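Below you'll find the structure, written out as structure tokens, and then a few comments.
No experiment lies behind these values; they were computed from the predicted model shown.
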Amino acid sequence: MMEKDADHFYRRAEEEIKRATEATCPEAVKLHYELADRYLDRVYSDADSESFIRADDSYVIHPRH
């Protein structure tokens, strides 16, 4: 059975928060929290919208299904 998108993104947000709390570099902490925030945006935003996830200073469009 495939995991629902919202469940996947919520799990990923939890993983990023865990990584942020374990990180020792302030920049890494910030990036992990930013990623967690973006994953949570995917969970709680309108399912018909597009999501923009920043990775290495570029924006990638991920259309919603």
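For the pair K18 and E22, the salt-bridge criterion is met [side-chain N within less than 4.0 Å of a carboxylate O].
Clustering ILVMFWY residues whenever any of their side-chain heavy atoms sit less than 4.5 angstrom apart, transitively, puts L31 in a cluster other than the one holding L35.
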After noting the C-alpha distance and the side-chain angles of R19 and E16, does the key distance pass the salt bridge (charged side-chain N to carboxylate O under 4.0 Å, His left out) rule? CA-CA 5 Å; R19 290 178 182 168; E16 291 301 332; 3.5 Å; yes

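A6 and V43 get closest at one heavy-atom pair: O-CG2, 3.5 Å.
Take E15 and apply the salt bridge (Lys or Arg N to Asp or Glu O under 4.0 Å) test, not counting sequence neighbours, and it matches R11, R12. Shown here are the salt bridge (Lys or Arg N to Asp or Glu O under 4.0 Å) partners of E27, two or more places apart in sequence or in another chain: there are none.
From C25, atom SG reaches atom NE2 of H32 across 9.0 Å, with rounding to the nearest 0.5 Å. The OH atom of Y10 sits 5.0 Å away from the OH atom of Y44 when rounded to the nearest 0.5 Å.
Residues Y33 and I17 form a side-chain contact, since some pair of their non-hydrogen atoms from C-beta on lies under 4.5 Å apart.
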